[in-house]
Number of protein chains: 2
Amino acid sequence: MTTLDQSFAALADPTRRALIARLAEGEATVQDLARPFSISQPAISRHLKVLEDAGLIETRIEGTARPRRLKPEAVAELWDFLGQYRALWDVQFQRLDAVLDGLAAHEQGTPEKPKGGHDGE
Amino acid sequence: MTTLDQSFAALADPTRRALIARLAEGEATVQDLARPFSISQPAISRHLKVLEDAGLIETRIEGTARPRRLKPEAVAELWDFLGQYRALWDVQFQRLDAVLDGLAAHEQGTPEKPKGGHDGE
DNA sequence: ATTCTATATAACGAGTTCATTATAGAGTCA
DNA sequence: TGACTCTATAATGAACTCGTTATATAGAAT
């Protein structure tokens with residue numbers, strides 16, 4: 001039942017993540033998607049089926065072509081799941097924040113962001 | 001190479017997500033973790049190894065016990081990955097946002113997201 | 001030392017994944 | 001119609017996953 005199973009499993013494959021990255025730029029056919037990869041067209045079609053079964057993409061029919069597009073709203077469930085643990089992460093860093101405060105503000109704009117600045121609500 | 005592979009694969013298993021949920025409440029030994037499940041201790045130990053290899057948990061040694069604890073900072077990478085696609089999702093919902101704006105601002109700082117209502121297992 | 005407890009590891013089997021090649025089906029074009 | 005293109009599906013094999021039981025290891029308690 002859990003679609004989290006399918007979604008996480010779908011994203012566990014680097015080829016599928018690359019397909020998603022490509023689709024983030026816009027609709028693409030199987031041909032378009034297969035071209036940059038060194039794997040066969042049937043393999044791509046199967047990856048796309050996995051992504052679609054997970055609800056991450058959807059298919060439109062146009063002649064013989066089947067352009068795929070992202071369904072970004074599918075990310076919501078994963079986002080919420082991770083959000084639970086990101087909250088813990090923030091809590092952990094609250095202590096670190098205190099330490100950093102004690103060390104005085106000696107640097108600004110370091111690669112590490114003590115104040116969890118990851119999302120954009 | 002990508003640890004995203006390991007992280008997503010680790011989270012694709014419902015037993016492992018349950019282990020993580022338990023660890024979110026605090027450190028726990030293998031015994032603690034195995035008790036609520038109907039699977040064997042070796043199976044739990046292997047799940048924990050998968051989670052640790054993915055960087056999602058860490059182990060402390062205390063006598064013969066090996067209490068595990070969450071490493072919530074490991075969520076950052078996954079969070080960032082999903083964040084790319086959540087941004088697309090936000091764009092899609094900008095039209096909906098406009099509608100909601102029209103309905104007046106009735107709440108501030110709610111935990112619910114614009115399209116809330118997702119469960120967490 | 002012996003025994004008990006906590007955990008890890010090995011060996012195995014069923015099921016799944018991911019690639020391949022070969023082929024089928026549907027739409028387009030001459 | 002026949003030939004061509006785009007995509008899906010079937011058959012197959014290697015590798016991995018996830019459970020099991022049996023056993024090994026390490027520390028604690030007696």
Side-chain angles (χ1 to χ4, degrees), chain A residues 1-23 26-71 78, chain B residues 1-23 26-71 121:
Chain A
M1 267 297 180
T2 321
T3 182
L4 278 179
D5 280 38
Q6 287 175 286
S7 301
F8 278 127
L11 293 175
D13 184 281
T15 300
R16 285 194 291 262
R17 287 199 306 276
L19 291 172
I20 284 184
R22 169 61 185 81
L23 288 173
E27 257 191 8
T29 67
V30 173
Q31 301 281 345
D32 297 335
L33 293 166
R35 197 150 12 241
F37 292 93
S38 50
I39 62 181
S40 63
Q41 169 265 311
I44 298 289
S45 283
R46 273 172 133 285
H47 280 307
L48 291 172
K49 183 162 179 15
V50 172
L51 289 170
E52 183 156 27
D53 288 348
L56 293 165
I57 66 173
E58 60 190 354
T59 303
R60 196 166 54 82
I61 297 184
E62 187 183 283
T64 85
R66 271 142 186 79
R68 291 346 203 265
R69 62 168 161 266
L70 230 48
K71 268 177 64 179
L78 301 171
Chain B
M1 273 299 174
T2 321
T3 182
L4 278 179
D5 281 37
Q6 288 174 285
S7 301
F8 278 127
L11 293 175
D13 185 280
T15 300
R16 285 193 292 261
R17 288 199 306 276
L19 291 173
I20 284 185
R22 168 62 186 79
L23 288 173
E27 259 191 6
T29 67
V30 173
Q31 301 281 345
D32 297 335
L33 293 165
R35 201 155 3 247
F37 293 94
S38 49
I39 62 181
S40 63
Q41 169 266 310
I44 297 288
S45 283
R46 290 229 303 188
H47 280 307
L48 291 171
K49 184 163 181 11
V50 171
L51 289 170
E52 183 155 27
D53 288 348
L56 292 165
I57 67 173
E58 61 190 353
T59 304
R60 194 165 56 82
I61 297 184
E62 188 182 283
T64 86
R66 269 135 186 84
R68 294 338 205 271
R69 63 169 161 264
L70 229 49
K71 267 178 63 180
E121 197 158 7

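Just so we're on the same page: letters track the sequence lines, and every chain starts at 1.
- Among C:dA6, C:dT21, D:dT20, the nucleotide with an atom closest to any side-chain atom of B:Ala65 is C:dA6.
- If you run side-chain hydrogen bond (donor to acceptor under 3.5 Å, both in side chains) between A:Thr59 and each of A:Arg69, A:Arg68, A:Arg66, only A:Arg68 comes through.
- Remark: A:Thr64 is not in phosphate contact with C:dA26, judged by side-chain N or O atoms under 4.0 Å from OP1 or OP2.
- In the set C:dA6, D:dT9, D:dG19, D:dG19 carries the atom at the smallest distance from any side-chain atom of B:Ile39.
- For the OP1/OP2 pair of C:dA8 and a distance below 4.0 Å, the side-chain nitrogens and oxygens of B:Ser45 include at least one atom meeting the criterion.
- Contact annotation for B:Thr59: no contact, since no heavy-atom pair falls under 4.0 Å across all strands.
- Straight-line distance from the CG atom of A:Leu19 to the P atom of C:dA19: 10 Å, rounded to whole Å.
- A:Glu62 places its CD atom 19 Å from the P atom of C:dA26, with the value rounded to the nearest Å.
- Residue A:Arg68 places its side chain closer to D:dT7 than to any other of D:dT7, C:dT7, D:dT21.
- Distance, B:Ile61 CD1 to C:dA6 C1': 12 Å, rounded to whole Å.
- The side chain of A:Thr29 has D:dT7 as its nearest neighbour among C:dA22, D:dT7, C:dA19.
- Distance from the side chain of A:Gln41 is smallest for D:dA8 among the nucleotides D:dA8, C:dA8, D:dG27.
- Proximity note for A:His47 (side chain, C-beta onward) versus C:dA6, D:dC18, C:dA19: the nearest is C:dA19.
- We find that CG of A:Leu51 is positioned 13 Å from P of C:dT17, with the value rounded to whole Å.
- At the phosphate of C:dC18, OP1 or OP2 sits under 4.0 Å from a side-chain N or O atom of A:Arg16.
- When the side-chain nitrogen and oxygen atoms of B:Gln31 are compared with OP1 and OP2 of C:dT7, one or more of them lie within a distance under 4.0 Å.
- For the pair B:Leu48 CG and C:dA8 P, the computed distance is 7 Å after rounding to whole Å.
- Remark: side-chain polar atoms of A:Arg17 are paired, donor with acceptor, to backbone N or O of A:Leu11 under 3.5 angstrom.
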